[in-house]
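Values below: all heavy atoms of this structure, side chains included; hydrogens, waters and symmetry mates excluded. First the proteins, then the strands, lettered A, B, ... as listed; each starts at 1.
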Amino acid sequence: MAINRDSNVYTLSFAALMVVLVGGFLAFVSMSLKPIQKANQTNEKMQNILQAIGIEETETVSRDEAGAIFNDYVKRRITIDYNGKILSDLGVADPINPQDKLDAFNIDIRKEYSKYIKPIMNANKGNDEKIKSELANNENIHFPLFICESNGNKYMVTSCSGKGLWDDIWGYIGFESDGKTISGAIFDHKGETPGLGSVITEDWFEKQFRSKSIHENGYSAIQVLKPGKNLDNHQVDGISGATFTGVGVDEMMGRSMEVYYNFVQSNPKVLN
Amino acid sequence: MSEETKEALFSPKNKKLIAEPININNPVTIQVLGICSALAVTVQIDNALIMSIAVMAVLVIGNVLVSLMRNAIPSKIRIIVQLVVVAALVIIVSEVLKAYVYDVSKQLSVFVGLIITNCIIMGRLEAFAMGNKPWASALDGVGNGFGYGLVLVIVAFFKEVFGSGTITIPGFEKFHVIPQAFYDMGYENNGLMLLPPSSLIIVAIYIWFQKSKNPELIDEHGS
């Protein structure tokens, strides 16, 4: 054979050529599939928000349909900070602009938690007052809020994000026009144990939240209890075998819903 | 890879290349490769199916590519070359899943990426594709991929039925196989079945069954 395949020159050239070819090809694949992947994510988010309203028309909306009907239901997209200050307020007439970081639809609720909220919570473990005051002082933390309308009834879809047993969990929670009674809930997770923690995405778990209230002489957090207990108007059954995922849902709901509760208390008009 | 495996798979009959890995030379139950993902992605049948298809795709294409290049690959860096081929294919599979079967890609999450570390793939590339023609290598990939998938789906079937009482087939609604009456009478899903250790038990029972059906697999001399 003319070429000595054991020579260093051959080995190095082979490696270099391979890296360039493979790298180029992967870049090409990634670039050409990116728009489809992005659309999947956008549609999924729209689907989640629509389903969280908790009304029949949007309950079974598929991911692909969600994009088309999103604007029929979601009338206002509001971004607030921890203190309830409105940072952005967009309507149907304003198209979703991926560049507008303050558009409620563009807020990455998982990132809000992992980048801003989690460090504060970890640094002040056990000191709830300190956590609250630091959250209130951090202007980077944004909470998206969607005002939806169906058959003349107004709904508010809020979001929450936190940590389960293994990784991020998050969800969208819909409220009736009183801003206190939950009308629907959608949860999702990144890596909870399949069949155990992952059950938070199943219907029976999500539907338990419906018509529960976050109001009782002021704010009252929704509690996720161990399964089998007697439940009052602020409590839901947890999942057996997934205690920590339940604790995570409990924590993120309690922390996030308080922000929206306070917001509605001081801005009752948004739901009129 | 052991010497015996090499010999058995170097036999000329192409049919054997597919048939053997499915049964008497199964990568999971006989060679005990790729066990890690067999433990992890077998909670639901649909995940196991998609995972098997993904592994098979990577295995077949990887085998063919490495086989085509086998005379050009410098022996000093052959493992690295194989790794690059596998890694590139896995990234492509992962991107394609994200674009076209988004829900499944979410469920499989990290396990798609972990196909790279699936010992079956590197094992087949090194033991077979490096020394065989592309067609034989493709068949070998199909056989081993199928053998892997078969075990995965069988394990997933038992885990899902006893762990969740359901069967999920891609494209269909969840099918409840345990009637509600059983639950009313006090039957409960077995939580252990949803966790990785139960796969070991099922795989072990599978090996027991397989060996009792194939006496030639029993190592009479002991070890």
Does atom [atom1] of [X] have more than 12 heavy-atom neighbours, drawn from other residues, nucleotides or ligands, at distances under 6.0 Å?
X	atom1	result
F146(B)	CZ	no
Y102(B)	OH	yes
Y10(A)	OH	yes
F158(B)	CZ	no
Y183(B)	OH	yes
Q180(B)	CD	yes

Any idea which heavy atoms bring [X] and [Y] closest together, and the distance?
X	Y	answer
P74(B)	T11(A)	CB-OG1, 3.7 Å
K98(B)	N40(A)	O-ND2, 2.9 Å
I77(B)	A15(A)	CD1-CB, 4.0 Å

Give, as side chain, backbone, both or neither, the part of [X] having an atom under 4.5 angstrom from any heavy atom of chain A.
X	result
K76(B)	side chain
A72(B)	both
V81(B)	both
L195(B)	side chain

Among K34(A), Q41(A), K38(A), H189(A), which has the most heavy-atom pairs under 4.5 Å with chain B?
-> Q41(A)

For each of L26(A), V29(A), V22(A), tally heavy-atom pairs with chain B at distances under 4.5 Å, and name the one with the top tally.
->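 Greatest number of close heavy-atom pairs with chain B: L26(A).
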
Contact check, side chains of Y100(B) and L33(A), non-hydrogen atoms, under 4.5 Å =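 Yes. Closest side-chain heavy atoms under 4.5 Å.
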
Report the option among I80(B), V85(B), D103(B) that has the most heavy-atom pairs separated by less than 4.5 Å from atoms of chain A.
-> D103(B)

Considering only heavy atoms and a distance below 4.5 Å, find which of N47(B), I92(B), I91(B) pairs most often with chain A.
-> I92(B)

Can you say whether E202(A) sits under 4.5 Å from chain B via the side chain, the backbone, both, or neither, judging by heavy atoms?
-> side chain

Identify which part of E44(A) has an atom lying under 4.5 Å from any heavy atom of chain B, answering side chain, backbone, both or neither.
-> side chain

